[in-house]
J.: 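One structure follows; several queries about it will come next.
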Amino acid sequence: MLRGVRDSLVVVVPLTAAAALLPFAYSNELLLFNFIVFLVLAQGVNVIYGFTGYLPFGYVGFFGTGAYGFSLAVIHLHLFPLVALGLGAAAAVLLALLLTPLFRLSGAYFAIASFAAAFAVYEVVSNPHLDAITKGPYGISLSQIYNPQLSYGVAVVILAVTLGVTVYLKNSRFGLSLRSIRDDSLSAAMAGVNVVRARTLAWLISALIAGLIGGVFAWYVSVFYPETVFGAEFSVFAIVFALFGGVATVSGPVLGVIFLYGIYNVIGISAPQYFQLIYGLLIMGLVLFLPGGVVPLLRRWGIDVP
Amino acid sequence: MSPEKEAPLLAVEALEKRFSGFRALDGVSFEVRPGEILGLVGPNGSGKTTCINVITGLYRPDGGKVTFEGHPINGLPSHRLARLGVNRTFQVPRPFPSLTVRENVAVAAYHGRRAGGAEIETLLLSLELDAYADKPAADLNSAQQKMLDLARALATGPRLLCVDELAAGLSRTELERVALRLRAFAGSGIALLVVEHLMGFIGEVTDRVVVLNAGKIIFEGTLAEAIRDRRVVEVFLGTEHAV
Amino acid sequence: MKHSMQVLGGIAVLSLLAAAAPARAATKAPAEIKIGTLYASSGPFAGISMPVYDGLKLWINQQNAAGGVYVGAFHKKIPIKLISYDDLSSTATAATLYNQLITRDKVNLLLSDSGSVLTSPAVPIAKEHKQFLFDVSGSGAAFFTKDNPYIALICLAETAIAPKYLADFLNSDGAKYGLKRIAILYSTNDFTGALAKAFTGFIKSAGKLKIVYDHGVPTSTSSYTVLINTIAATHPDAVVEMGYPGNDIAFLRNLRDVGVKFPFLFTIYSGTEIAELEHAVGAAAMTNVFSYVAGVTYQYKVNFGPTTPGFRAAWDKAYPPGSGAEWGMNALYGYHTGLVLQRVLATTKSLRQLDLRKAIFALSGKLTTLNGTFVLNSEGAQVGEIDPVGQLRPNGKGGLRLDVVYPPRYANAKPIIGKK
Amino acid sequence: MMLEYALLAGAIFGLYFALAGLGLNLVFGVMRIVNLAHGDFMMLGAFSAFWLFRLIHLNPLFSALFVLALFALLGLPLYYLLVPPLLRAKDPEMLSFILFFGFSQAIEALAAIAFGPSERSLPGRLLGRGPIRILGQAFPAAWTWSGIASAAAVLAVYLYLYHSRLGYLTRAVMEDREEALATGIDVHFVSAIAFGLGLALAGIAGVFAPFMLGSATPSMGLGLTLQSFVVIVIGSLGNPLGTVLGGIIYGVSLMFMQTYFSSWASLLPYVLLILILLVRPSGLLGRQVRRA
């Protein structure tokens, strides 16, 4: 548990403090907010991919479900945002429960099936026949509860909690059993690990994280369309950021987001016409030359990173 | 069969397992008592490993019954069996490659029958893995990985340990040490079910053998009796190195 | 409850306006007018975004070539500096970039990217920062609320009102031509879905036509053969298909290929993107099809800026073939946006955001450009620039021309309705 | 009437989707990697056809042959550049996902820069005028031709796999890469050919895309990849006939949805994919539970 305290001091505390204080120094708060969103999503991917080896290519499904769960709770039930946030997260967890049979699939099949599941949820939400419930393709407007300061603050709290979860997973027995499942589920079962339960738990935690930040995203942006919160780029970015830094670590996804999302924004502002091209090539280079991510590389160089 | 004084720890009755028509196990029955080492021998494909897989929950049997301490355990998932005290090693060792050697054993110690990890270090020391405790398991050689497999199984505190071809590929001296260890486990009250091709090893460690052929038991008794049995000799002739 | 909120919001707007009114006007003139906008070079919205951006750039280059844009508050021309970022059709990226334009670049005039989806993130951000949003073509009805004074829609009528003339035509004249049964097929995206919803509402409330088919299909739909067959089985007199250009192309092409004809057929883009659709499906398949008449195919009597042919000439000069810029309705939108900004800058009392609002609202009903007459309602939604209904006819040279058939004040031809 | 029409149209469309899925199937079957850029190669095929027509008035049927040769040649160096390093990694299946996503992004970006973002289409008359009547129903001529071309391509792949030496080796690699390696087959060469063939098939499917799908844009790739995946998952892996079956099942169900539940039609591929994966994943994986 000592390592847990150290990891918290090195990663969780400074990052949370930075997220909370930077708006006072830097005026593009939305950029900071998006950093928080991707930090949380990358850690959410880390929980499920890093610790169990299942790649959730449709991770955005939970994000979008959280956003819509939150919005519909506000619109139809007139709930306070913080309560609605709980409902959005609950909706994401419920979706995750529905999708647990996907764990019967392995490798790329799981990834593709989860991708398809996210698309399916999007198609349902944006169907014009459900206009009365979901506003169909016409989009959500939450101007009545718009509150950028408070929602930013809540996002910072979610970031802190998410980072705490990864620190816990990295240093706890539960995290150890998850990593054993990832390495060899059969051996893990023989070691007495309840594979199904541990994996499901990780999946639900991961969905909960995405659902929470999805809800806050909806609250913060307040006007959006189904394609806004179900955009495949959320999944893809979160996965690429997590992989770049190195999964099953605390700092890997953080480094990935800060470095890659930083570059993304720098390129986006300086050389937009080559934005997508550079990004695509960067992803390819990452897979070909640095498949394990940055953190294992640093560790090999003798730099001890959490 | 002579009546036993002690109640059996494991009883397998009329076990059946089919793979798309092929009968891998066809009415296999035997018993193992605490502290006993039972050898399971037979030519390739006779159903030895399948038998272990069914006992340890990897496969569901298609018929028959497995009882452990008088309670039926067939169909229970592996982790439940591990917590009851049924464990195994794998023919090809299956450590957790990205975990350190100590973590490999720790997982089992945390989740097995015994709570707490007090014995992890003792176990590593006794299986000569202590020097590698902080290395990832992927760095071990195959003999060391076998020992790690064994260490992981032992860390769960098993009462029945199925050992699947532990000896294959080990050197003469390693073999002797392993045999000594297995006897020591039995001495501490653990029942062992040993699948092995090396008859010398079998002869050294087992009290009794069950000979399988094509999913059926063709002989049960001591190894010395077995090699005098006509059917056993027929099955093995030319295919296996006899003693 | 909701109502009282609106009233409160209205009061808030009024008090804001009042506070802004005694403007300490002419401060020092800035060295440049910073116009900030986003565009999408790739992704699903690139097709509508890039022409708008090119049209806007053309206007800016013209202004700068003439020494800058005239700003009334300072009685002089000031060069324009365009600050633009690529959002790659991603709303999350667009959100940070809008924020960048407002908080870091501190642009004088903020323009949204094309279409409702990419405009949506700008609406709350602009409101939060009290920056007036010149909404180029984000016509989603949700954007325009009583409590938000910081938005006005420039280029096309708000979706709830856009299909008005089409519906009016069918409701008032339909019976005369024997049009009794109507089939509506739309693509389920925020734009055409909302248009169809509004249109169906108009038809239903008039109660003159019987709706025999009303279904949405995914915007990704590319083969309509089966759908056409299904629609034909309901024996409609009038068929209205509302989709993006790709949908219209596939629909018209499949219709021709299977040889089905409806007495009255309407699609959105056959009239507004004639050249592209004619290239794809051929003139024969588009003859007598009804469509919207946009500035790109109709010459409005302008009171400001060039007429459509004048603009076309300037466009072709600025963007010769091979330059990659696409002529069409969206190109005209970009240029029209520039013209509106030109009038706003010429008349505004200062560059303060609420003065900009006053200036653009003052234009309402008084400005007619090549895109029609600019009219805003009190919430900033565009309610002028409603596209008339036209019909495609052979132009005698193997191609097509678009005659205006409704409303009567624009009409230059009588509609030809086919036989069942 | 509506039912028969949906059936027939679905079958024609299905043949086209079989063609779209075939290349992806081949690559996945042989290399166990997911080519997420498959749809982008279809997009490139479509733009090739568009520009070949615009510049030299080449009929798409000839463009298809040209694209076939060009893409197959392009596939060889691309294979050696991308795939062997991938196969050496710890989890190639998963990493391929990400690698080819990056590739897909790069291709889309280059296409958008080169061709502009707008929709491009080819006049339908290039593949015959007016409706063609099949069993009393009228179908677009372009569909019929695209269907025939698809069927021909599928047949060619079948002949290649089952009646040529290289095809035999390809199937051996599909069956068991390790064993093929052990028996001395030049696995990389066989795989490179399969990769090139996969791209070529994507290219041909792309040539007909403007006719079957209405138009082409640089951003159309990912959606096509997903649809192709649905098709090969419904069918079975490594078997061209399975892909044809998958394509036809997909095409017919799509047309049924369009006829009876039109607005839900786009939900179909995803639901179909998940259901089929869940109902018979092991068969589709082509991997049996290992007998220990």
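Note that the coordinates shown come from a computational prediction; the quantities given were computed from them, not determined experimentally. Chain naming here is simple, since letters A, B, ... match the order of the sequence lines and numbering starts at 1 in each.
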J.: Please classify the contact of Tyr98(C) with chain A as side chain, backbone, both or neither, using a heavy-atom distance under 4.5 Å.
T.: neither
J.: Measure Leu118(C) against the heavy atoms of chain A and call it side chain, backbone, both or neither at under 4.5 Å.
T.: neither
J.: Asn265(A) versus Thr96(C): any side-chain heavy-atom pair under 4.5 Å?
T.: yes
J.: Show me the side-chain donor-acceptor pairs of residues 134-141 of chain C shorter than 3.5 Å, one per line, residues at least two apart or across chains.
T.:
residue, atom, partner, partner atom, Å
Asp135(C), OD1, Ser137(C), N, 3.4
Asp135(C), OD1, Gly138(C), N, 2.7
Ser137(C), OG, Gly115(C), N, 3.0

J.: Quick check: do Glu29(A) and Glu128(C) have side-chain heavy atoms less than 4.5 Å from each other?
T.: no
J.: Side-chain contact, heavy-atom cut-off 4.5 Å: Tyr186(C) with Pro128(A)?
T.: yes
J.: Using non-hydrogen atoms and a 4.5 Å limit, figure out which bit of Phe191(C) sits close to chain A: side chain, backbone, both or neither.
T.: neither
J.: At their closest point, which heavy atom of Ser27(A) faces which heavy atom of Asn99(C), and how far apart are they?
T.: O-OD1, 4.4 Å
J.: Of Ser222(A), Ser141(A), Pro148(A), which meets side chain to side chain contact (heavy atoms under 4.5 Å, CB included) against Pro124(C)?
T.: Ser222(A)
J.: Atom CG of Leu277(A) and atom OG of Ser41(C): how far apart are they, to the nearest 0.5 Å?
T.: 10.5 Å
J.: For chain A, which of Ala196(C), Ala194(C), Gly216(C) has the most heavy-atom pairs under 4.5 Å?
T.: Ala194(C)
J.: Measure the shortest side-chain to side-chain distance between Asp147(C) and Ser143(A) over non-hydrogen atoms and say whether it is less than 4.5 angstrom.
T.: yes
J.: For the residue pair Tyr264(A) / Thr93(C), report whether a side-chain donor-acceptor contact shorter than 3.5 Å exists.
T.: yes
J.: For Tyr146(A), is it the side chain, the backbone, both, or neither that has a heavy atom closer than 4.5 Å to a heavy atom of chain C?
T.: side chain
J.: About how many Å separate CG of Asp190(C) and NZ of Lys135(A), when rounded to the nearest 0.5 Å?
T.: 15.0 Å
J.: Given heavy-atom pairs under 4.5 angstrom as the criterion, report whether the side chain, backbone, both or neither of Phe33(A) touches chain C.
T.: neither
J.: Could you measure the distance from the CD atom of Glu227(A) to the OG atom of Ser90(C)? Nearest 0.5 Å is fine.
T.: 11.5 Å
J.: Is there a side-chain contact between Thr91(C) and Tyr225(A) (heavy atoms, below 4.5 Å)?
T.: no
J.: For residues Tyr138(A) and Asn189(C), report the shortest heavy-atom separation together with the two atoms involved.
T.: CE2-O, 4.4 Å
J.: Report, as yes or no, whether the 6.0 Å neighbourhood of atom NZ on Lys164(C) holds more than 12 heavy atoms from other residues, nucleotides or ligands.
T.: no
J.: Other residues, nucleotides and ligands only: do more than 12 of their heavy atoms fall within 6.0 Å of NZ on Lys57(C)?
T.: yes
J.: Go through it in stages, so that I can follow the logic: the residues are Ile125(C) and Leu30(A), the test is side-chain contact (heavy atoms from CB on, under 4.5 Å), and I'd like the CA-CA distance, side-chain angles, deciding distance and then a yes or no.
T.: CA-CA 9 Å; Ile125(C) 298 170; Leu30(A) 236 154; 2.9 Å; yes
J.: Where does Asp131(A) contact chain C at under 4.5 Å (heavy atoms): side chain, backbone, both or neither?
T.: side chain
J.: Checking Asn34(A) side chain against Ala92(C) main chain: does a donor-acceptor pair fall under 3.5 Å?
T.: yes
J.: Pick whichever of Ala95(C), Ala94(C), Ala142(C) has the most heavy-atom pairs under 4.5 Å with chain A.
T.: Ala95(C)
J.: Taking atom OH of Tyr26(A) as the centre, report whether more than 12 heavy atoms of other residues, nucleotides or ligands fall under 6.0 Å from it.
T.: yes
J.: Measure Phe237(A) against the heavy atoms of chain C and call it side chain, backbone, both or neither at under 4.5 Å.
T.: neither
J.: With a 4.5 Å heavy-atom cut-off, do Phe224(A) and Pro121(C) have their side chains touching?
T.: no
J.: Determine which residues belonging to residues 16-25 of chain A lie within contact range of chain C, meaning some heavy atom pair is under 4.5 Å apart, and list them by number or answer 'none'.
T.: none
J.: Between Ser116(C) and chain A, with a heavy-atom cut-off of 4.5 Å, which part of the residue counts as in contact: side chain, backbone, both or neither?
T.: both
